[in-house]
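Before any comments, here is the structure.
The structure presented is a predicted model; accordingly, all values stated were derived computationally and were not measured.
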Amino acid sequence: MRDLGGHMTECKVTDFQRRVYQATKAIPKGKVTTYQLLARHLHCRSSQAIGQALKHNPFAPRVPCHRVIASSLTIGGFQGKITGSCITRKFRLLKAEGVVFGAGRLADIGRLYTYSTVTSSLQL
DNA sequence: CATACCGTCCAAT
DNA sequence: ATTGGACGGTATG
């Protein structure tokens, strides 16, 4: 903690993490993305770094980290845990946004937000 | 600088 | 389904 003598309204975050929060914040409501998709969007090859950055999440709930799941469409983790009541809360949050899970997996793949700009050509 | 940890991912079995 | 290695970034010494 180095913000001792200040308003401590700002947490110490690196430039990389800032990008992660920005991208996570851009996820539309009712949709979810994966750590890997986020990593690729940020040109990062490690999805772990994404999860680690989200885990700190000093901007929660402004940053909807609960909208980020694993690439296998599994729920992933939440608040630093991969199982327990935290995950239950994550399910509930997603469900409240219209994202339904079945057997621990995302039921509707259409809810996946791929950061695709859909740019033209070959959309279907 | 070296080591260990991660809300992960992928390949092999 | 389970195991183990990989990769990028952060934290600690």
Side-chain angles (χ1 to χ4, degrees):
Chain A
M1 299 191 174
R2 298 171 185 121
D3 46 75
L4 296 176
H7 292 231
M8 95 176 178
T9 17
E10 299 179 11
C11 297
K12 183 187 163 251
V13 289
T14 60
D15 187 67
F16 175 79
Q17 275 180 268
R18 201 169 276 173
R19 287 180 226 169
V20 177
Y21 302 137
Q22 173 107 2
T24 306
K25 197 169 56 178
I27 303 175
K29 179 189 167 189
K31 292 220 171 173
V32 290
T33 192
T34 70
Y35 299 102
Q36 187 160 25
L37 247 32
L38 247 165
R40 282 178 54 171
H41 179 65
L42 300 175
H43 301 278
C44 177
R45 291 197 260 171
S46 181
S47 319
Q48 276 190 323
I50 305 295
Q52 213 173 58
L54 282 174
K55 157 176 137 192
H56 286 109
N57 196 13
F59 294 95
R62 191 149 117 206
V63 173
C65 48
H66 60 270
R67 288 185 195 153
V68 186
I69 62 177
S71 66
S72 300
L73 303 185
T74 44
I75 189 62
F78 192 49
Q79 289 187 348
K81 304 196 177 151
I82 61 177
T83 181
S85 50
C86 304
I87 301 303
T88 308
R89 263 171 235 131
K90 188 170 179 180
F91 273 121
R92 198 223 237 146
L93 282 163
L94 291 172
K95 182 180 172 188
E97 300 190 344
V99 183
V100 186
F101 278 72
R105 276 197 170 58
L106 182 65
D108 190 348
I109 185 69
R111 301 287 187 186
L112 191 64
Y113 179 65
T114 58
Y115 282 95
S116 288
T117 330
V118 192
T119 40
S120 54
S121 69
L122 204 84
Q123 180 187 9
L124 223 258

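Of the possible donor and acceptor atoms, none in the side chain of Lys31(A) sits under 3.5 Å from a partner among the backbone N and O of Arg67(A).
Nearer the 5' end of DNA chain B, as judged by each residue's closest nucleotide, is the contact made by Gln52(A), out of Gln52(A) and Ser71(A).
Among the protein residues, Ser46(A) comes within range of the nucleic acid bases, having at least one heavy atom under 4.0 Å from a base atom. Residue contacts for Tyr35(A): at a heavy-atom cut-off of 4.0 Å it reaches a base atom on one of the strands shown. Heavy atoms of Gly80(A) sit under 4.0 angstrom from at least one base atom. At the heavy-atom level, Cys86(A) lies nowhere under 4.0 Å from the strands shown.
Checked against dT10(C), dG8(C), dG7(B), the side chain of Thr14(A) finds its nearest nucleotide in dT10(C). In this structure, the nucleotide among dA11(C), dG7(B), dC6(B) sitting nearest to the side chain of Lys12(A) is dA11(C).
Thr24(A) places none of its side-chain heavy atoms less than 4.5 Å from the side chain of Asn57(A).
Distance, His56(A) NE2 to dT10(C) P: 10 Å, rounded to whole Å. With rounding to whole Å, Gln79(A) atom CD is found 16 Å from dC6(B) atom P. The distance between atom CG of Leu54(A) and atom C1' of dT10(C), rounded to the nearest whole Å, is 14 Å. As rounded to whole Å, 16 Å separates atom P of dC9(B) from atom CZ of Arg45(A). Taking atom CD on Gln48(A) and atom P on dC10(B), their separation rounds to 12 Å, with Å as the unit. What separates CG of Asn57(A) from P of dT10(C) is a distance of 15 Å, to the nearest Å. Here dG8(C) presents its C1' atom at 12 Å from CZ of Arg19(A), a figure rounded to the nearest Å. When the P atom of dC5(B) is taken as reference, atom CD1 of Ile50(A) falls 21 Å away, rounded to whole Å.
Of the inter-residue distances, the one linking Tyr113(A) atom OH with His41(A) atom NE2 reads 7.0 Å to the nearest 0.5 angstrom. In this structure, the separation between CZ on Phe91(A) and CD1 on Ile75(A) is 4.0 Å, given to the nearest 0.5 Å. Atom CZ in Arg18(A) sits 14.0 Å away from atom CG in Leu42(A) (nearest 0.5 Å).
Nucleotide dG7(B) forms no Watson-Crick or G-U wobble pair with any nucleotide shown, as no partner meets the under 3.5 Å limit on both distances. If you check dC7(C) for Watson-Crick or wobble pairing at under 3.5 angstrom, you find it has no partner at all.
Contact check, Ser72(A) against dC9(B): no side-chain N or O comes under 4.0 Å of OP1 or OP2. Proximity of Gln36(A) to the phosphate of dC10(B): a side-chain N or O atom is located under 4.0 Å from OP1 or OP2.
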